Amino acid sequence: MADAILLIDDDAAILRALGAFFESRGWDTYRELTGESGIQTAERVLPDVILLDFRLPGIDGLEVLDRLRGTDSAIIVMSGEGDIASAVEAMRLGAETFLVKPVDLPLLEATVVRALEKVKLRRLNRTLVGQGGSDLEAIGTSPAMRELRRQLPLLARSDRTAILVTGEPGTGKRTVARLLHDLSPRAGAPC
């Protein structure tokens, strides 16, 4: 599945231009004009990278950044005003980087690709750390269960894959579903 990027900017022309640019690169692209709708989309879609305008109507970019801080997404803040205090505050709240508009597209693409690599490394690290736990041992030791234990972390890595767990009553479907969730990039979010 393609990597996902969420663009939050109150300028529709910028959303169109950046959206078309990232779509031409094969990204799933989502666009929002306000901070409120951007937060809702981020919670629903769980994008890999968020490009966030600093100045937004309603709640501003810093409030959006603060509310999305616990997500697994890398957040890149962009602003037409490049003052140092704003950049420092954005970085303190967890922004991956702070760019001044207008942004050179090759620089923006390189920044987004670097942020995506960090997101993937964080997810892989969490998966590998999760493999070391004894929770996976709880699903049994038969050859079929050993194979399932081997496959669960691989399945859980993709945060946009639907998985159907089936089986007879009492075979551990709930345990498998919980392990998939705990090993996934969405582990910090509700089931």
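If you're wondering where the values come from, they're calculated on a predicted model, not measured in any experiment.
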Joint hydrophobic cluster, [X] plus [Y], side-chain heavy atoms closer than 4.5 Å:
| X | Y | result |
| --- | --- | --- |
| Leu52 | Phe21 | no |
| Ile76 | Leu56 | no |
| Val112 | Leu7 | yes |
| Leu33 | Ile50 | no |
| Leu6 | Phe98 | yes |

First locate atom [atom1] of [X], then atom [atom2] of [Y], and finally report the distance between them rounded to the nearest 0.5 Å.
| X | Y | atom1 | atom2 | value |
| --- | --- | --- | --- | --- |
| Leu51 | Asp9 | CG | CG | 9.0 Å |
| Thr111 | Met78 | OG1 | CE | 10.5 Å |
| Phe54 | Asp60 | CZ | CG | 6.5 Å |
| Phe22 | Ile5 | CZ | CD1 | 4.0 Å |
| Leu155 | Ile163 | CG | CD1 | 4.5 Å |
| Thr41 | Glu36 | OG1 | CD | 11.5 Å |

Of all heavy-atom pairs between [X] and [Y], which one has the smallest distance, and what is that distance?
| X | Y | result |
| --- | --- | --- |
| Ala115 | Ala74 | CB-CB, 3.7 Å |
| Leu68 | Thr71 | O-OG1, 2.8 Å |
| Leu180 | Ala156 | O-CB, 3.6 Å |

Sub-3.5 Å donor-acceptor pair from the side chain of Lys173 to the main-chain atoms of Gly167, do we have one?
yes
Within the side chain of Asp48, is there an N or O that forms a donor-acceptor pair under 3.5 Å with the backbone of Ala4?
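Flag set: sc Asp48 to bb Ala4 pair under 3.5 Å.
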Side-chain donor-acceptor contacts of residues 90-97 below 3.5 Å, not counting sequence neighbours, with atom names and distances?
from  : atom 1 : to     : atom 2 : distance (Å)
Arg92 : NE     : Glu89  : OE1    : 3.2
Arg92 : NH2    : Glu89  : OE2    : 2.7
Glu96 : OE2    : Lys118 : NZ     : 2.8

Is it true that Lys101 and Asp11 make a salt bridge, defined as a side-chain N closer than 4.0 Å to a carboxylate O?
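Result for this pair is no, no salt bridge flagged.
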Answer yes when Arg31 and Glu23 have at least one side-chain N-carboxylate O distance shorter than 4.0 Å, and no when they do not.
yes
Validation row: Ile8, Asp53 side chains within 4.5 angstrom (heavy atoms):
no
Please step through side chain to side chain contact (heavy atoms under 4.5 Å, CB included) for the pair Asp10 and Leu15, ending with a clear verdict.
CA-CA 8 Å; Asp10 62 340; Leu15 287 180; over 6 Å; no
Heavy atoms from other residues, nucleotides or ligands near CD of Gln151 exceed 12 (cutoff 6.0 Å)
yes
Stepwise side chain to side chain contact (heavy atoms under 4.5 Å, CB included) check, Asp3 with Val49
CA-CA 8 Å; Asp3 300 315; Val49 178; over 6 Å; no
